[in-house]
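Following: one structure in structure tokens, then a few remarks.
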Protein chains: 2
Amino acid sequence: MTTTTPSRRERLRAETVTEIKDAARRLLVAGGPAAISLRAIARDLGMTAPALYRYFASLDALVLAIVTDLFEDLRATVADAATDHGDEEPLVRVGHMARAFRRWSLDRPAEFALMFGSPVPGITPFAEQCGPFNDAGARFGETFFTVLGEHYARHPFGGAAPDLPDPALRELFAPYLDTFGDRFPLPVIYLFVAAWTRLYGIVAMEVFGHLRWAMTDVEPLFEVELARMVSRMAR
Amino acid sequence: MTTTTPSRRERLRAETVTEIKDAARRLLVAGGPAAISLRAIARDLGMTAPALYRYFASLDALVLAIVTDLFEDLRATVADAATDHGDEEPLVRVGHMARAFRRWSLDRPAEFALMFGSPVPGITPFAEQCGPFNDAGARFGETFFTVLGEHYARHPFGGAAPDLPDPALRELFAPYLDTFGDRFPLPVIYLFVAAWTRLYGIVAMEVFGHLRWAMTDVEPLFEVELARMVSRMAR
DNA sequence: CACTATGGTGAACGCTGTTTACTCTCACAA
DNA sequence: TTGTGAGAGTAAACAGCGTTCACCATAGTG
């Protein structure tokens with residue numbers, strides 16, 4: 001660590017920054033992404049709204065910072081779920097990570113909406129949304145890839161390509177390959193992304209209440225589908 | 001039809017209502033759900049904002065009306081996809097319906113966000129969101145159930161329950177059963193909901209741009225997964 | 001000690017949803 | 001034909017929002 005001792009000024013500034021973020025998160029939890037307002041934050045901290053511009057260039061910049069923090073929080077939670085079961089099979093640990101993702105999301109619907117919801121221009125930082133375009137998202141993905149890497153190191157992937165020839169897959173997953181390199185066989189990348197969309201579908205619909213018309217409890221469906229996703233990756 | 005001839009007043013009123021909705025949809029397409037504003041609509045129509053309250057009780061009420069219209073539009077599009085292939089196997093037609101759903105959604109990202117995105121209090125009509133709680137959503141679901149009914153009438157469902165006993169499924173899917181009755185074997189309901197979450201996951205992530213970090217084109221993945229979903233329902 | 005970067009304020013601009021009081025006009029009944 | 005009342009629309013206002021600007025105090029540094 002080469003962090004020079006923070007000056008008194010820098011310390012106070014850092015404190016104020018976290019106070020601002022905390023107030024913003026309280027508003028987020030209380031009223032959803034749209035409830036985050038600079039004036040309300042300023043009221044909370046006993047300041048005026050323009051003062052906040054000394055710390056964040058705009059409301060969007062503040063929201064983006066919060067999203068980054070949230071991704072780090074989620075990543076740590078998921079990573080903990082993996083290490084908590086460090087003695088189990090890697091694919092079993094992937095299952096635990098998926099459960100941790102669901103649990104975290106259900107406990108934080110507003111935060112989930114901000115991170116994974118519809119990127120509404122004006123409230124959600126548009127371009128660098130979710131996907132590992134931003135570093136926080138990339139580290140989140142990395143958490144899964146690490147454990148998956150352990151599995152395929154022990155049990156080389158046995159085949160079962162998804163009807164798509166490797167050259168096509170390579171072109172298809174060019175963005176992934178540019179960011180993460182070709183650590184895995186191409187079908188494995190396919191299976192991971194497919195599982196991720198499936199996981200997202202279940203969790204997002206559950207968090208957003210889009211399944212209440214059909215079922216009282218999504219967990220059994222989640223568990224059954226999770227088992228199928230994992231066994232599909234095991235082949 | 002017992003629609004009495006609409007008076008001149010009623011006709012003008014209906015015209016204004018559609019003009020308001022059209023202006024709102026233009027704003028929606030141009031700037032996303034948050035861009036729908038009564039004052040902007042009023043400017044568009046050469047009126048003042050309070051005048052709109054003669055037609056809609058609030059902004060939320062207007063948005064809800066638009067969501068209802070959109071569900072009807074989507075339902076019609078999906079139903080057309082089924083009838084366009086009326087001579088094919090029912091399950092093949094379900095595939096066409098899924099494709100129509102994806103196509104419609106990709107062509108209308110803002111509308112999709114309004115209907116299926118995170119229900120942000122303040123902009124999205126909260127409770128009666130998506131799920132067939134509202135009638136429009138119910139009719140949308142009905143479209144799928146009709147075609148599925150054709151299939152299972154010809155090919156009775158052969159088994160492959162999802163590891164969940166029927167009594168548990170019956171309790172789990174109580175909301176569905178209350179609305180749609182028990183037309184199908186319980187495992188079929190499970191498979192349908194599971195497929196719906198999977199379809200939603202892929203389409204929502206594609207529409208929201210949450211897959212751009214991984215792949216350039218989602219269609220191949222969509223087709224492969226769709227084929228698997230359908231074949232799972234065929235057993 | 002002087003000076004400057006930093007943090008904060010108050011006023012203002014333009015935007016938003018919504019409410020209130022008021023006016024005008026058109027349809028309809030006496 | 002002449003009221004009359006319902007319907008449609010307006011202007012003004014309130015409260016809130018993000019953001020910018022001019023200004024001021026203070027704390028840290030040369």
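For the numbers below, each heavy atom of this structure counts, side chains included, while hydrogens, waters and symmetry mates do not.
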Among B:Arg26, B:Lys21, B:Arg39, salt bridge (Lys or Arg N to Asp or Glu O under 4.0 Å) partner for B:Asp44: B:Arg26
Using only heavy-atom distances, decide whether a donor-acceptor pair under 3.5 angstrom links the side-chain of B:Arg54 to the base of D:dG7. no
Does anything in residues 37-44 of chain B come within less than 4.0 Å of DNA chain D? Heavy atoms only, and list the residues if so. B:Arg39
Taking any heavy-atom pair under 4.0 Å as a contact, classify A:Phe56: base, sugar-phosphate, or nothing. nothing
Sugar-phosphate only, base, or nothing, as touched by A:Thr16 at under 4.0 Å among non-hydrogen atoms: nothing
With the threshold set at 4.0 Å, does a side-chain nitrogen-carboxylate oxygen contact exist between A:Glu142 and A:Arg75? no
For A:Arg212, is there an ion pair with A:Glu206 - N to carboxylate O distance below 4.0 angstrom? no
If I take atom [atom1] in residue [X] and atom [atom2] in nucleotide [N], what distance separates them, rounded to the nearest angstrom?
X	N	atom1	atom2	result
B:Arg13	D:dG9	CZ	C1'	13 Å
A:Leu52	D:dC21	CG	C1'	16 Å
A:Leu59	C:dC15	CG	C1'	15 Å
B:Met47	D:dA11	CE	P	13 Å
B:Leu12	C:dT25	CG	P	16 Å
A:Tyr55	C:dA5	OH	C1'	13 Å

If you assign each of A:Gly46 and B:Pro50 to its closest nucleotide in DNA chain C, which residue comes earlier from the 5' end? A:Gly46
Side-chain N,O (B:Tyr53) to OP1/OP2 (C:dT18) below 4.0 Å: yes
With side chain to side chain contact (heavy atoms under 4.5 Å, CB included) as the test, pick out the partner of B:Arg108 among B:Leu114, B:Leu70, B:Asp73. B:Asp73
Can you spot which of A:Val203, A:Val78, A:Thr77 makes a side chain to side chain contact (heavy atoms under 4.5 Å, CB included) with A:Trp104? A:Thr77
Under 6.0 Å from the CD atom of B:Glu171, do we count more than 12 heavy atoms belonging to anything else shown? no
Distance col, row B:Phe208:CZ vs B:Phe112:CZ, nearest 0.5 angstrom, shows 5.0 Å
Answer with yes or no whether the side chains of A:Tyr190 and B:Glu225 bring together a donor and an acceptor at under 3.5 Å. yes
The side chain of B:Ala49 is closest to which nucleotide in this list: C:dG8, C:dT18, D:dT10? C:dT18
Five pairs per end, C1' atoms only: what is the angle between the end axes of the helix from C:dC1-D:dG30 to C:dA30-D:dT1, to 10 degrees? 20°
With a 6.0 Å cut-off on the ring centroids, do A:Phe192 and A:Phe180 count as close? no
